[in-house]
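Structure first, commentary second.
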Amino acid sequence: MARTILLTGASGALGRMLAPRLGARGYDLRLSDIVAFPDPLPARAAFQQADLADEAAVRRLVRGTDAILHFGGISVEQPFRRVFDANILGLTHLFEAAREKLQRVVFASSNHAIGYYERGTRLGTTDPMRPDGYYGLSKAYGELLGRMMFDKHGLESVHLRIGSCLAVPTEARHLSTWLSYDDLERLVVAALDAPETGHAVVWGVSANAASWWAADDAGRIGYTPKDDASRFAPLPETGDAVTRRFQGGSFAAMNYTRDRSEP
Ligand code: NAI
Ligand code: 15L
C-alpha cells in the first residue's frame, strides 16, 4: 500500500474533502496548492505551497513521495492561456517529475473530455474523446500523456473521468453524472492501493441507475461504487437547449457559436 501521498489541489473543494478522510485512513499526506490550505491541517498532513507551472517546485513536491493524487489546476472552462499554464504545463511537469522514481499518478480527469456526446449516448472509456472546451481538452491531454508515459517509461497512472462530484445531486443531469463523496474516496483508495494498474481510465461516477457510462477499468483497479443518484429523483432540468443536449451540460453551451438547429 502506498504510504506518503502527494495531494495537489488540496485547498480546492475535493482536496479539502479528501484530505481528512485519507489522513484518517493512515496515509501520510503532502498537501499542496497555489493558495494556502484553509482548514486546520488533518492528521498526518503537511502543506507545501507551489504553482504547478513552476517545474522546479513540482520536482520538490514529488520527491520522496510514494504516489500522487493530482487534483490541482483549473477546474472550469477558462481562456486557453490559463488552462495551459496550470493544466497542460503543470501536468507535464508532474508526470516528468514522477518518471524519475515511477510514483503512480492518479489524475482527476473530467467528463468534459467527452462533453460533446449527446445525453443518453452510452460510452466506454475507449470511445473517441469529444472535449467541450479548452478545459476538457486539457483533461484529454492528461489521459493521453498518461498513456504515453506508461508505454514509453512504464509509469503507471489511473485517470478518474469524474462526472459531478458533489455532496448531493441538484439537477437532472446529475442523475447520470453524480459521484458521491464516499464513492470518490473509494475510487481514490482503489486507485492508490491496486497492486498494478498500468494505464487505467475509470469513470468517476456512482452506481447511478441513469448513468451513460460503462466499459472502463474499474474492475482492474477494484473500484465498486455504492451510491445512486436516483434516490434524489426527480431533479429539475436547468439551462438552455444546448446545455440540455450534451453530456457536458453548461460547459458545452459556453461560447457555442454553431447554428443551434444543426444536428
Ligand atoms: P477546485 O477548483 O475547487 O480545486 C482546484 C485547486 O487547484 C484549487 O484549490 C486551486 O487553487 C488549485 N490550483 C489552480 N491552479 C493551480 C496552480 N497553477 N498551481 C497549483 N494549484 C492550482 O476544483 P475541485 O472541484 O476540487 O476539483 C478537483 C479536481 O477534480 C480538478 O482537477 C477538477 O478538474 C477535477 N474534477 C472535478 C469535478 C467536480 O465535480 N468537482 C468533476 C470533474 C473533474
Ligand atoms: C467538472 O469537470 C468541474 O470541475 C466541476 O466543477 C463540475 O462542473 C463537473 O465537471 C460537472 O460536469 O458537473
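Counting from 1, the numbers follow the sequence of the chain as shown. First listed ligand is number 1; within each ligand, the first listed atom is number 1.
In Ser164, the part holding a heavy atom less than 4.0 Å from any atom of ligand 1 is the backbone.
Ion pairing between Glu237 and Arg119 holds under the 4.0 Å rule for side-chain N and carboxylate O.
Checking Asp182 against Ser180 by side-chain atom types alone, no donor-acceptor pair falls below 3.5 Å.
Residue Gly15 has no N or O atom closer than 3.5 Å to an N or O atom of ligand 1. At under 3.5 Å, not a single nitrogen or oxygen of Asn111, backbone or side chain, sits near a nitrogen or oxygen of ligand 1. Taking any N or O of Ser110, backbone or side chain, none lies under 3.5 Å from an N or O belonging to ligand 1. Below 3.5 Å of separation, one finds no N or O of His70 facing any N or O of ligand 1. Ligand 1 has a nitrogen or oxygen under 3.5 angstrom from a nitrogen or oxygen of Gly12. Inclusion of Ala53 in the set of residues having an N or O under 3.5 Å from an N or O of ligand 1 is not warranted.
Scanning the protein for heavy atoms near atom 3 (C) of ligand 2, the closest one is Ser75 O, 3.2 Å.
Under the 4.0 Å distance rule, the nearest protein heavy atom to atom 9 (C) of ligand 2 falls inside the cut-off.
For ligand 2, the atoms sitting less than 4.0 Å from at least one non-hydrogen atom of Ser110 are 1 (C), 2 (O), numbered in the order shown with element in parentheses. Near Tyr135, meaning under 4.0 Å from any of its heavy atoms, are these atoms of ligand 2: 1 (C), 2 (O), 3 (C), 4 (O).
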